[in-house]
Amino acid sequence: MSVIKYAVFATLVALPASIPAAAQAKPPLREVSEIDNELYYIAIANEIAEICNGISGRRMKAIGVMWGLRSKANKLGYSDDEIRAYVESDTEKDRMRAKGESYLAANGAKYGQPETFCALGRAEINKNSAIGVYLRAK
């Protein structure tokens, strides 16, 4: 993907945590669907907004959600270092990129053709989908 922007992930890491992590065995964060999926939706929305001039991202909403995701991860026992390792991992970035590229292609978005990203973005907005809630038509 002309690279799903990982700034959203960096923002998640930079937000201050207020709840200490509990020491316990837990699955990798990539397996915590309520966190991984939401980051994926935000990343796809960001990519659409970056490519389509007629659509903007709802960044404040995304930042608010990321605050909540970080808090949720902390409540589930993940430390700031574990969260940082997840969002900065090249393996996770590659996985998310591949997943995003697959979604975009399956839904008609083609790099070099911004109008295809606009069409997808408008469809997501109209459906009020998990991606569309992070987008706004200009």
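- Remark: side-chain polar atoms of K138 are paired, donor with acceptor, to backbone N or O of N53 under 3.5 angstrom.
- Residues G54 and C118 come closest through the heavy atom pair N-SG, 4.5 Å.
- Taking 4.5 Å as the limit, every side-chain heavy atom of E124 sits out of range of all side-chain heavy atoms of Y41.
- Partners of E34 under the side chain to side chain contact (heavy atoms under 4.5 Å, CB included) rule, at least two apart in sequence or in another chain, are V32, K72, L76.
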* To do: Tell me, with the steps shown, if E50 and R59 meet salt bridge (Lys or Arg N to Asp or Glu O under 4.0 Å).
  => CA-CA 12 Å; E50 289 289 320; R59 297 193 192 284; 3.2 Å; yes

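- Between D80 and N74 the shortest side-chain heavy-atom distance falls below 4.5 Å.
- A distance of 9.5 Å separates CD of E115 from CZ of R122, quoted to the nearest 0.5 Å.
- Heavy-atom minimum distance, C52 versus P114: CB-O, 4.4 Å.
- A donor-acceptor pair is defined here as one N or O able to donate and one able to accept, closer than 3.5 Å; such a pair exists between the side chain of R58 and the backbone of V133.
- When side chains are defined from C-beta on, D36 does not count as touching Y40, because their heavy atoms never get closer than 4.5 Å.
- When all heavy atoms are compared, the tightest approach of A49 to S56 is CB-C, 3.8 Å.
- Once rounded to the nearest 0.5 Å, the distance linking CD of E88 with NZ of K93 reads 6.5 Å.
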* To do: In sequence, state the C-alpha distance, the side-chain angles, and the governing distance for I48 and Y134, and then conclude on side chain to side chain contact (heavy atoms under 4.5 Å, CB included).
  => CA-CA 10 Å; I48 291 169; Y134 295 108; over 6 Å; no

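- Contact annotation: the side chain of Y78 never approaches that of Y86 to less than 4.5 Å [non-hydrogen atoms, C-beta and beyond].
- Taking each heavy atom of L120 and L104 in turn, the nearest pair found is CD2-CD2, 3.6 Å.
- The side chain to side chain contact (heavy atoms under 4.5 Å, CB included) check on N126 picks up nothing, with sequence neighbours excluded.
- The line from CG of L135 to CD1 of I42 is 11.0 Å long, rounded to the nearest 0.5 Å.
- Contact annotation: the side chain of K99 never approaches that of I44 to less than 4.5 Å [non-hydrogen atoms, C-beta and beyond].
- Of all heavy-atom pairs between L29 and A73, the closest is CD2-CB, 4.2 Å.
- Of all non-hydrogen atoms in Q113 and T116, the two that sit nearest each other are O-OG1, 2.6 Å.
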